[in-house]
Trainee: 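Dropping a structure here in structure tokens format, bear with me for questions.
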Amino acid sequence: MRIFRRFCAVLLGSLAGLAHAADDPARGSRVFAQCMACHSVGPGEHMTGPSLAKVWNQKAASATGFSRYSEALKRAEVVWNEATLDAWLVDPEKFLPGTTMTFPGIKEAKDRQDVIAYLKAVSEGKAPQAQPGGRGMTGMRRDKIDLRKAPAEGQVTAITHCGDTYTVATADDRRQKIWEFNLRFKTDSSRLGPLPGKPVVVGAGMQGDRASVVFASPKEISDFIKPSCP
């Protein structure tokens, strides 16, 4: 009976090793879809959070070109590997108090293991493409679009301001009047952002009454908007 128990213990240990070895990067790419609202795996493509293209064995808060790390993460002596990523994905705030990453965590161990396997494969250049269809931290996914390919109705040619109203003219020869409180001005300096001097308007709001105009740099905003009252 004692020999049988030893055999079972060895067998269970072997099966555990096989299960660990069976982490699935392809499945992990699908689970990772819930992270895509804030993170890209494109090299240097930062969003709300940093690119995770080279996260494996990378020191925390060290992605080149990303400047929005929390002070807590910058002070942390953490290297991202299987153990640290697993603890982080369970509960970022518990793992590192003071982090600004608001994420409820991935509760299923298998999901975390597969995401970690996917991120390791990404860093090694062996990963499958991340699959769409997941849900982000707010229950929605957001795909970043290439603003350089905006159609004529999205290409802003002029913006004027009078009183509490902006008038936005677009390349399709249309002009839309928008209440100043409903128009936002943003910048996007990434490779998917608009070309310099070629801002793009993007609709927003469930009623279709809100919009954002995206510029290539902050300096363009004040230069582009002209006061004009009929």
Trainee: Looking at side-chain heavy atoms only, is the closest gap between V202 and L147 below 4.5 Å?
Mentor: yes

Trainee: Is it possible for you to say whether V31 and Y118 belong to one hydrophobic cluster, with membership spreading through side-chain heavy-atom contacts below 4.5 Å?
Mentor: yes

Trainee: Quick check, are the ring centers of F185 and Y166 under 6.0 angstrom apart?
Mentor: yes

Trainee: Tell me the closest heavy-atom pair linking V201 and E153, and the distance in Å.
Mentor: CG1-O, 3.9 Å

Trainee: Rounded to the nearest 0.5 Å, how far apart are CH2 of W88 and CG of L96?
Mentor: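 Answer for the CH2-CG pair, W88 versus L96, is 5.5 Å.
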
Trainee: For A61 and L73, work out which heavy atoms get closest and say how close.
Mentor: CB-O, 3.8 Å

Trainee: Is R27 salt-bridged to D111, cutoff N-O under 4.0 Å?
Mentor: yes

Trainee: Ignoring hydrogens and geometry, is there a side-chain-to-backbone donor-acceptor pair from D24 to D114 under 3.5 Å?
Mentor: no

Trainee: With no hydrogens and no angle check, is any side-chain donor or acceptor of T157 less than 3.5 Å from a backbone partner on A169?
Mentor: yes

Trainee: Would M101 and V115 show up in the same hydrophobic cluster when neighbours are defined by side-chain heavy atoms closer than 4.5 Å?
Mentor: yes

Trainee: Taking atom CD1 of I225 and atom NE2 of H161, what is their separation to the nearest 0.5 Å?
Mentor: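 Spacing of CD1 (I225) from NE2 (H161) equals 8.0 Å.
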
Trainee: Could you state the interatomic distance from CD (Q155) to CG (L195), rounded to the nearest 0.5 Å?
Mentor: 9.5 Å

Trainee: Under 3.5 Å, side chain of H39 to main-chain N/O of S51, donor-acceptor pair present?
Mentor: no

Trainee: Heavy-atom distance under 4.5 Å between the side chains of F32 and L52, does that happen here?
Mentor: yes

Trainee: Around atom NZ of K107, are there more than 12 heavy atoms from other residues, nucleotides or ligands closer than 6.0 Å?
Mentor: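 Enclosed: over 12 neighbouring heavy atoms sit under 6.0 Å from NZ of K107.
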
Trainee: Between Q176 (side chain) and V168 (backbone), is there a donor-acceptor pair under 3.5 Å?
Mentor: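 Such a contact is absent between Q176 side chain and V168 backbone.
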
Trainee: Please name all residues satisfying side-chain contact (heavy atoms from CB on, under 4.5 Å) with T100, sequence neighbours left out, ordered by chain then number.
Mentor: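 For T100 the side-chain contact (heavy atoms from CB on, under 4.5 Å) partners, ignoring immediate neighbours, are S70.
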
Trainee: Taking all heavy atoms of S40 and all of E45, pick out the closest pair and write down the distance.
Mentor: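 For S40 versus E45, the nearest heavy atoms are OG-OE2, 3.1 Å.
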
Trainee: Any donor-acceptor pair under 3.5 Å linking the side chain of T84 with the backbone of V79?
Mentor: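 Confirmed, T84 side chain pairs with V79 backbone.
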
Trainee: Under 4.5 Å between any side-chain heavy atoms of I145 and L192, yes or no?
Mentor: no

Trainee: State the CG-OG distance between D188 and S217, to the nearest 0.5 angstrom.
Mentor: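 Those atoms lie 11.5 Å apart.
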
Trainee: Spell out, as yes or no, whether a donor-acceptor pair under 3.5 Å connects the side chain of R112 to the backbone of A87.
Mentor: no

Trainee: Is it the case that the side chain of R210 and the backbone of L183 share a donor-acceptor pair, with hydrogens and angles ignored and the cut-off at 3.5 Å?
Mentor: no

Trainee: Can you measure from SG (C35) to CE (M47) and round to the nearest 0.5 angstrom?
Mentor: 11.0 Å

Trainee: Using a 3.5 Å distance criterion without hydrogens, assess whether the side chain of K59 forms a donor-acceptor pair with backbone atoms of A76.
Mentor: yes

Trainee: Looking at Q58 and W80, would you say the former's side chain and the latter's main chain have a donor-acceptor pair under 3.5 Å?
Mentor: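 Checked: no pair found.
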
Trainee: Nearest 0.5 angstrom please: K110 NZ to D23 CG, how far?
Mentor: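 It is 5.5 Å, given to the nearest 0.5 Å.
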
Trainee: Can you confirm whether Q34 sits close enough to I106 that some side-chain heavy atom of one is under 4.5 Å from a side-chain heavy atom of the other?
Mentor: yes

Trainee: Would you say CZ of R184 has more than 12 non-hydrogen atoms from neighbouring residues, nucleotides or ligands within 6.0 angstrom?
Mentor: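 Open.
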
Trainee: What's the shortest heavy-atom distance between Y69 and P50, and which atoms?
Mentor: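 Nearest heavy atoms, Y69 then P50: OH-CB, 3.6 Å.
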
Trainee: Donor-acceptor check, side chain of K126 to backbone of S123, threshold 3.5 angstrom: yes or no?
Mentor: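 No: the side chain of K126 does not pair with the backbone of S123.
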
Trainee: Return yes when atom CG of D173 has more than 12 non-hydrogen atoms of other residues, nucleotides or ligands closer than 6.0 Å, and no otherwise.
Mentor: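 It does not: D173 CG has 12 such atoms or fewer within range.
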
